[in-house]
Student: 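Sharing a structure here in structure tokens format.
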There are 2 protein chains.
Amino acid sequence: MEEIKLTEKQKELIEKLGVFLERSGISPAQARVMGLLLVADRVELTFDEIRGALQLSKSATSNALNTLMQFEKITYITKTGDRKRYFKTVIATQKSDFQKRFKQFLSMKEIYSQILEARTPDTPKFNAELAQVVDFMEFMEEQLPEIFAKWKAKKK
Amino acid sequence: MEEIKLTEKQKELIEKLGVFLERSGISPAQARVMGLLLVADRVELTFDEIRGALQLSKSATSNALNTLMQFEKITYITKTGDRKRYFKTVIATQKSDFQKRFKQFLSMKEIYSQILEARTPDTPKFNAELAQVVDFMEFMEEQLPEIFAKWKAKKK
DNA sequence: TTTTTAGTTCTGCCACGCGAGAACTAAAAT
DNA sequence: ATTTTAGTTCTCGCGTGGCAGAACTAAAAA
């Protein structure tokens with residue numbers, strides 16, 4: 001009851017996704033856990049199943065799961081009469097992740113406009129360019145909700 | 001001719017921007033160089049001016065400048081009868097940076113759809129959720145050029 | 001020809017993050 | 001009461017990255 005078997009294809013996909021996630025700052029172990037929970041034939045896996053499938057130490061498994069939970073990338077469910085926790089990805093997070101990234105990028109707008117305000121008036125060309133960037137970010141910020149609305153409308 | 005004086009406000013803004021940039025994976029020294037070139041009263045600064053203003057070692061300065069140039073965050077110009085190079089930010093990069101990030105995020109779509117294809121059919125609900133994410137990303141990908149066009153049209 | 005300029009490259013140190021393994025713990029099962 | 005389960009926490013070592021300082025280099029100036 002605890003030996004998750006992964007096909008070569010599944011392993012490959014875990015590693016492939018891993019590369020992406022690691023590039024966005026998450027650790028190898030965490031990345032693989034995310035991958036596993038996305039490719040595994042069962043959607044909810046226990047600590048030991050995860051540990052076994054990925055060949056991680058208990059500490060690595062524990063830490064990966066806990067930080068992923070902190071960032072709400074995963075959750076767990078429990079089953080009556082069973083002490084184990086069953087972990088699963090929060091797929092929906094993807095969409096809000098997107099928004100988060102978007103917003104984070106756009107929060108640079110604040111700093112950029114502060115910089116713009118503080119700049120010497122002696123460099124009008126430069127300042128105008130900078131103003132354009134701020135403007136662009138503002139525009140993007142406005143558009144975001146519209147696009148989301150459009151998406152919701154489309155899927156009906 | 002080589003002592004860039006920074007106001008407290010300027011220093012503050014450099015550090016503030018630094019925090020943001022470091023979060024997106026760039027090193028403190030590089031982040032500060034970016035900041036300096038954005039807040040300084042002169043738009044083009046020499047190696048030694050940068051080094052002096054930020055109190056960096058020559059090696060740190062050299063490495064920061066070179067990697068920033070590799071990623072096209074900055075460039076330099078030269079002046080006739082002057083051996084020094086004058087470094088400046090490429091502000092326009094911001095917009096294409098935005099696109100790059102956007103695309104990078106959306107390139108996960110490929111992996112997600114591969115995962116979806118490889119998944120067991122025994123978890124239809126999960127698969128449907130995953131399919132929605134893929135769909136969402138596809139939609140966003142389509143929208144991107146439209147938004148850009150809109151921006152261009154607006155600024156006329 | 002030697003000296004200065006404008007950097008680059010090398011060496012070494014320190015801090016940090018990741019993950020293994022072992023020791024520990026709290027609850028449940030026996 | 002003790003043993004097992006389901007993890008958590010601690011300690012350690014390893015690899016990496018960032019930076020300083022010093023040695024180096026290529027071109028220009030003197």
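A, B, ... follow the sequence lines: proteins, then strands. Residue 1 opens every chain. Quantities reported herein were computed from a predicted structural model and do not represent experimental measurements.
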Student: A side-chain contact here means heavy atoms from C-beta on lying under 4.5 Å apart; do Y86(A) and T78(A) qualify?
Tutor: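 They are not in contact (no side-chain heavy atoms under 4.5 Å apart), so the answer is no.
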Student: Between protein and nucleic acid, restricted to nucleotides 25-27 of chain D and to nitrogen or oxygen atoms under 3.5 Å apart, what atom pairs and distances do you find?
Tutor:
from    : atom 1 : to     : atom 2 : distance (Å)
dA27(D) : N3     : R83(B) : NH2    : 3.2

Student: Let me know which of V39(A), T89(A), I14(A) forms a side-chain contact (heavy atoms from CB on, under 4.5 Å) with M34(A).
Tutor: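 The passing option is T89(A).
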Student: Give the rounded distance in Å between these two atoms: CG of L45(A) and C1' of dG7(D).
Tutor: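 L45(A) atom CG is separated from dG7(D) atom C1' by 16 Å.
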Student: Quick one, M108(A) and L17(B) - any side-chain contact, counting heavy atoms below 4.5 Å?
Tutor: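 Side-chain contact under 4.5 Å: yes.
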Student: Compute the centroid of each ring, for F148(A) and then for F139(B), and state whether the two points are separated by less than 6.0 Å.
Tutor: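 Ring centroids of F148(A) and F139(B) are no less than 6.0 Å from each other.
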Student: Just how far, in rounded Å, is C1' of dA20(C) from CG of L54(A)?
Tutor: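 Taking CG of L54(A) and C1' of dA20(C), I get 15 Å after rounding.
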Student: Side-chain N or O of S62(A) less than 4.0 angstrom from OP1 or OP2 on dG7(D)?
Tutor: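 So the side-chain polar atoms of S62(A) never come under 4.0 Å of the phosphate oxygens OP1 or OP2 of dG7(D).
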Student: To the nearest Å, how far apart are N66(B) CG and dC10(C) C1'?
Tutor: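 The distance from CG of N66(B) to C1' of dC10(C) comes to 15 Å, rounded to the nearest Å.
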Student: Output the rounded distance in Å from CG (D82(B)) to C1' (dA28(D)).
Tutor: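 Distance check: D82(B) CG to dA28(D) C1' gives 12 Å.
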Student: For F105(A) and F20(B), I'd like to know if the aromatic rings sit close, meaning centre-to-centre distance below 6.0 Å.
Tutor: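 Centroid distance F105(A)-F20(B): not below 6.0 Å, so no.
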Student: Mind calculating the distance between CZ (F87(B)) and P (dA6(C)) to the nearest angstrom?
Tutor: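 Computing the F87(B):CZ to dA6(C):P distance gives 12 Å.
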Student: Taking the side chain as everything from C-beta on, heavy atoms only, tell me whether S24(A) gets closer than 4.5 Å to R101(A).
Tutor: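 Contact flag for S24(A)/R101(A) side chains = yes.
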Student: Does a side-chain heavy-atom distance below 4.5 Å link R42(B) with I4(B)?
Tutor: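 Of all side-chain heavy-atom pairs linking I4(B) with R42(B), at least one is under 4.5 Å.
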Student: Can you tell me how far C1' of dT8(C) sits from CG of L68(B), to the nearest Å?
Tutor: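 These atoms are roughly 16 Å apart.
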Student: Between atom CG in L65(B) and atom P in dT8(C), what is the gap in whole Å?
Tutor: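 Answer to the nearest Å: 8 Å.
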Student: Which one of D48(B), L56(B), V33(B), L54(B) satisfies the side-chain contact (heavy atoms from CB on, under 4.5 Å) criterion with T61(B)?
Tutor: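 Testing each of D48(B), L56(B), V33(B), L54(B) against T61(B), the sole residue satisfying side-chain contact (heavy atoms from CB on, under 4.5 Å) is L56(B).
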Student: If you compare every side-chain N and O of R85(A) against the phosphate oxygens of dA27(C) (OP1, OP2), does one of them come in below 4.0 Å?
Tutor: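 Looking at the OP1 and OP2 atoms of dA27(C), neither is under 4.0 Å from any side-chain N or O of R85(A).
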Student: When you check the side-chain N and O atoms of K16(A) and Q114(B), is any donor under 3.5 Å from an acceptor?
Tutor: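 The criterion, which ignores hydrogens and geometry beyond distance, is satisfied for Q114(B) and K16(A).
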Student: Just how far, in rounded Å, is C1' of dG7(C) from CZ of R51(B)?
Tutor: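 These atoms are roughly 11 Å apart.
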Student: At what angle, to 10 degrees, do the two end axes of the helix from dT1(C)-dA30(D) to dT30(C)-dA1(D) meet, given five pairs define each axis?
Tutor: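 Nearest ten degrees gives 10° for this helix.
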Student: How many angstroms lie between atom NZ of K73(B) and atom OG1 of T93(B), to the nearest 0.5 angstrom?
Tutor: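 It is 7.0 Å, given to the nearest 0.5 Å.
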Student: If the sugar-phosphate is the primed atoms plus P, OP1 and OP2 and the base is the rest, what is the B/S/- string for nucleotides 17-24 of chain D, using protein heavy atoms under 4.0 Å?
Tutor: -SSBB---
Student: Please examine the side chains of R119(A) and V43(B), heavy atoms only from C-beta on, and report whether any two atoms are closer than 4.5 Å.
Tutor: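 Yes - at least one pair of side-chain heavy atoms lies under 4.5 Å apart.
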